[in-house]
Amino acid sequence: MNDFTILHLSDLHINGTGKGLTPLLKNLLSDIKEELKPVDNVILVITGDIIDKANYEKCKENVLAFFEQLKDVLAEKLKDVYIVPGNHDRVHKPFDECTIEYYDEARSEEFKKSYWQYIMVGYGEYISLINNIYGILGVSHRADNTYGVRCTEINGKKICFLSLDTSWSSNGGEQDIRALKFGRFQAEDIYQQYNKAVEDKNADLVIALAHHPLDWLTGKEQSIAQGELLSVNRLRANIYISGHVHNRDVINWQNNRHSMTTLVSGIGWPEGSDLHSAPHVYSCYTFNLDLNSIDVYVRSSNEANCFKPDFRIYTQENQVKNRKIVMPINITETQPYFELGAVKGRSPKVCYITPQMIKEISGMMQLIMRCQSAMSWKLQSLRYDYIEQIRPASYSQYLKDKK
């Protein structure tokens with residue numbers, strides 16, 4: 001089996017001082033430890049907003065204290081770490097707004113050469129922080145940019161991670177909705193790095209990471225990003241993991257050649273914040289590449305900030321029973337139906353497999369097994385009756401032949 005689990009944390013918004021953690025973060029660490037007991041291979045993915053309001057001077061020590069304790073929780077299970085920036089991770093500079101206005105798709109490369117260096121000024125403390133986090137967690141990788149491509153190999157399978165920066169054009173807050181830019185320069189850089197990382201051989205799984213869901217981009221920028229991610233001739237991403245919306249969601253995008261599943265999760269605003277009254281959420285995704293399957297486990301906090309299964313997202317009976325959502329990695333590779341008899345001159349109709357059908361088939365199989373058991377018992381009984389009926393005559397004939 002090629003199981004591995006992604007621990008998805010997003011929107012931690014850590015705002016404490018010193019090394020003492022809030023009850024919420026302590027409960028989060030305790031729950032992660034319990035949830036990951038059955039698994040061996042863990043990849044930690046953090047999709048932005050590690051720190052609250054880019055307050056590095058006040059909160060950096062508290063952030064590092066959280067990851068020191070997370071390292072103890074994950075221990076030898078941790079195989080790799082990936083972090084992408086959120087809008088709260090960037091220090092907004094006075095020249096940001098006018099710099100972003102210079103971006104134009106037609107002059108994308110020119111913007112990168114002339115202005116990206118100014119965008120990166122606001123990310124200086126973020127890059128320093130995540131490199132410290134990588135060091136704490138024992139990862140040799142060090143970041144020097146906010147986006148890029150890197151691969152992790154587990155049990156002989158190559159998993160390619162596309163780290164995307166959707167926050168560089170953010171002005172913060174709700175005004176970012178349908179206003180963010182992805183940038184064709186970023187798309188092209190990612191594609192070139194992807195080709196180099198996979199060395200002309202397709203990865204076994206491609207996972208894109210970003211802070212914002214795709215529908216926070218402008219319509220044109222969303223089309224660029226989706227076109228790159230879904231194209232079998234470009235990035236062919238199977239999974240898109242994001243945060244920002246402080247919620248949980250599962251969305252499928254697909255065409256007739258490829259599919260991509262979006263997984264969203266987020267802890268949300270700091271504990272006790274007036275801005276956040278909804279539950280805090282984090283998720284674990286267990287992948288099995290041989291079986292083309294993902295198990296999605298979603299955990300949310302109650303009023304005491306203790307984490308429990310999130311039954312708001314488990315809408316079907318089997319999901320509630322198993323406390324997870326099960327789905328294919330690539331929908332186009334599954335055949336969730338069987339063919340029925342065809343009418344002459346027509347192609348066969350198909351019957352899609354539904355939870356209700358599985359339930360009915362299961363009931364029918366139990367009925368068939370009971371019938372088989374009853375028939376077996378009846379036949380055995382008839383056999384014994386027949387033997388008893390013929391035994392005296394056969395025995396008399398045996399004695400006669402012996403004389």
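In what follows, residues are counted from 1 in the order of the sequence shown.
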So if I apply the side chain to side chain donor-acceptor pair (under 3.5 Å) rule between Y123 and each of D165, N145, D89, which one comes out positive? D165
Sequence neighbours excluded, the answer for side chain to side chain donor-acceptor pair (under 3.5 Å) partners of Q222 is R178, Q226
List the atom pairs, donor and acceptor, that lie under 3.5 Å between side-chain atoms in residues 321-330 and the rest of the protein, sequence neighbours left out.
from : atom 1 : to   : atom 2 : distance (Å)
N322 : ND2    : N318 : O      : 3.1
K324 : NZ     : D295 : OD2    : 3.1
N330 : OD1    : S259 : OG     : 3.0
N330 : OD1    : T332 : N      : 3.1
N330 : OD1    : T332 : OG1    : 2.6

The criterion is side chain to side chain donor-acceptor pair (under 3.5 Å); which residues satisfy it with S167, sequence neighbours excluded? none
side-chain contact (heavy atoms from CB on, under 4.5 Å) filter on T17, not counting sequence neighbours, yields K58
Non-neighbouring partners of Y282 that pass side chain to side chain donor-acceptor pair (under 3.5 Å), sequence neighbours left out: D31
Set of side-chain contact (heavy atoms from CB on, under 4.5 Å) partners for D52, sequence neighbours left out: H13, N15, H88, W269, P270
Tell me, please, which residues at least two apart from Y102 pass ring-ring contact (aromatic ring centres under 6.0 Å, His included). Y115
For Y134, which residues count as a ring-ring contact (aromatic ring centres under 6.0 Å, His included) partner, sequence neighbours excluded? H141
If the condition is ring-ring contact (aromatic ring centres under 6.0 Å, His included), which residues does Y82 pass it with, not counting sequence neighbours? F161
Qualifying salt bridge (charged side-chain N to carboxylate O under 4.0 Å, His left out) pairs, either residue in residues 213-240, two or more places apart: E105-K220, E188-R234, E228-R234
Test ring-ring contact (aromatic ring centres under 6.0 Å, His included) applied to H211 - qualifying residues, sequence neighbours left out: H244
Run the ring-centre check on W168 versus Y147 and record whether the distance is less than 6.0 Å. no
Can you name the residues that form a salt bridge (Lys or Arg N to Asp or Glu O under 4.0 Å) with E153, not counting sequence neighbours? none
